[in-house]
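To keep things clear, I will list the structure first and then write my remarks on it.
Computed from a predicted model, the values in this text were never measured in an experiment. Just so you know, residue 1 is the first one in the sequence shown, and it goes up from there. These values consider heavy atoms only, across backbone and side chains, with no hydrogens, waters or symmetry-generated copies.
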Amino acid sequence: MRKNKIFRKLLTLPLFLTGGTAMAEQAVPDFTRIQPDTFGGNMALSNAWGDYDNDGDLDLVISFKTGDVRLYNNEQGGFTNVGPVLGLPTGGKERRSIAWGDYNADGYLDLFIGSNQQGNELYHNDKSQGFTDVTSQMNVAVPHVSARQISWVDYDNNGTLDLFIADRVGPNYLFSNDGENFADVSMKTGLADSRATVGACWFDYNQDGFLDLFLANQGEGKDALYKNNGGTFTDVAAELNMEGGPRTNVDGGVDCTVGDFNNDGHFDLFVATYGINKLYKNNGNGTFNEVSEQMGITGNDHMVGASWGDYDNDGMLDLFVAGYHNIDGIRSPHDRLFHNEGGRFTEIDTHKTALSGADHGIQWADYDGDGDLDISLTEGYNIAGRHPVLNNNLPEMKRKRSLQVMVSDKNGIRNRAGAEVRLYDSSEKLIGSRLVTTGDGYNSQSNKPVHFALPNNDKVHIEVTFLTEQGRKIQTVKNIDPTAFYGKSVLIKQD
């Protein structure tokens, strides 16, 4: 049964210009805010979804400038903050970044929290009964880092989750996980980049079997693309024309998000910036073309967070970008939603709608398991801000034409970051590709299944690419009936 639904007639917009982008006539998506009192607290920064208690639905954690870290337990689509009861912080230093990851492969998601130059924290999940601070014990304490994007990834393909911390004011950190403890390998691997890094996206851009790393850097420092050579990294952004173009000390990259926007099987990259946003199309041969203006993504903005999600279940990834206007020192949300028309994006005006409510974080997630992507947002700069959760009101026919896929590795780590999932129809035609998220949406890493929309409910083939010590290993499961998995996920476990 769908909860908290308020159906309203879809509106259409006339053609006009805003922010340098033409907005064609397009139905405004029908989203409804849920529990406005629960999600009304201000100064929220990052948000991430993950099933911390293994009850089958996604819970939501949010970090605040006030130092509060709220964990909203999801019970059949209703949310309650259980953070204080479970031992998470309720105040003190600014806590900015958050990431879910099962670092010890015990079957429960642990939580890393980054602060602004006041030390970070790793909280071990005690089988959903509480969280214990194990930062010093696990040797991941960094006292003065201004943490931005946190990533739980396996950079060396040894089967354990390693930890990457982007630093806004100093060199970035990479901690290698040997299964028992962590060791700082930032210098050894070549990732101790001292540029002002905010966004970080891991994906195997050249399909050589290792996760590579794109860094969105602020200020005059160029963006970076670190090619993974099998344990060491080389910045190849200059030779691939992915440094971000000319910029001043007030410009630069802020966030990045990976998605196959044209369904060709290759993963593309969007970079939200203080300036001209960038959309890099992956050519499938280790090179990219910057196609933002060509694809209809224009304007000179102050954008902060971004994430791909097919909100209308038409089979094409759409793009939500959160940011803000800064006029005479007063900051107000400036959100941009780009609908994917197949050959081009059309911007939808979200002003004065439920979707206008973010200046930092954005995450897509089907929190109620009804087949469509809902959305959570954060507003950190406005003292009267909020962190709304919005329910997607797609019609039932469209909601049911979808499939969620959960990927597990040999150790049972769910939603293995960086794994690739491709869906094919019965004639072996590619329906679409999804990357198990390595983090996006501003300083956050969720742990959730990947979501596909389906043209119909015919049987499909699922192909999962795992990155292993033996290289890229593909597993295929054929003749999956999507209707049998409505309201739950297909689980693909690594052989």
N-O pairing of Arg95 and Asp68 below 4.0 Å: no
Charged N to carboxylate O below 4.0 Å: is that the case for Arg399 and Asp368? no
Does a donor on one side chain sit under 3.5 Å from an acceptor on the other, for [X] and [Y]?
| X | Y | answer |
| --- | --- | --- |
| Arg401 | Tyr486 | no |
| Ser115 | Gln118 | no |
| Ser446 | Gln363 | yes |
| His124 | Asn104 | yes |
| Tyr72 | His387 | yes |
| Asn116 | Ser146 | yes |
| Tyr226 | Asp193 | yes |
| Ser97 | Asn443 | no |

Show the numbers, then the answer: is there a ring pair (Phe, Tyr, Trp, His ring centres under 6.0 Å) between Trp202 and Phe164? CA-CA 10 Å; Trp202 294 79; Phe164 176 81; 5.7 Å; yes
May I ask you to check whether Phe39 and Phe79 place their ring centers less than 6.0 Å from one another? yes
Is the distance between the ring centroids of Phe270 and Phe261 under 6.0 Å? no
Ring-face cation of Arg472 near Phe466 (centre distance under 6.0 Å, axis angle within 45°): no
Does NZ or CZ of Arg434 come closer than 6.0 Å to the centre of the six-membered ring of Phe452, within 45° of the ring's axis? yes
Only residue of Asp167, Asp223, Asn172 satisfying side-chain hydrogen bond (donor to acceptor under 3.5 Å, both in side chains) with Thr197 is Asn172
Parallel, tilted or perpendicular: which one describes the rings of Phe182 and Tyr103, with boundaries at 30° and 60°? tilted
Phe31 and Trp364 aromatic ring geometry - parallel, tilted or perpendicular at 30°/60° bounds: tilted
Heavy-atom count check: over 12 atoms from other residues, nucleotides or ligands less than 6.0 Å from Lys278 NZ? yes
Between Arg386 and Glu379, is the salt bridge (charged side-chain N to carboxylate O under 4.0 Å, His left out) condition met? List the steps. CA-CA 6 Å; Arg386 54 201 180 276; Glu379 186 178 352; 3.4 Å; yes
Tyr324/His334 under ring pair (Phe, Tyr, Trp, His ring centres under 6.0 Å): CA gap, chis, key distance, verdict: CA-CA 4 Å; Tyr324 60 88; His334 172 45; 9.5 Å; no
Let me see the working for His266 and Tyr205 under ring pair (Phe, Tyr, Trp, His ring centres under 6.0 Å), right down to the final yes or no. CA-CA 8 Å; His266 307 301; Tyr205 83 88; over 10 Å; no
Is the backbone N or O of Leu225 less than 3.5 Å from a side-chain atom of Asp235, with the two atoms forming a donor-acceptor pair by type? yes
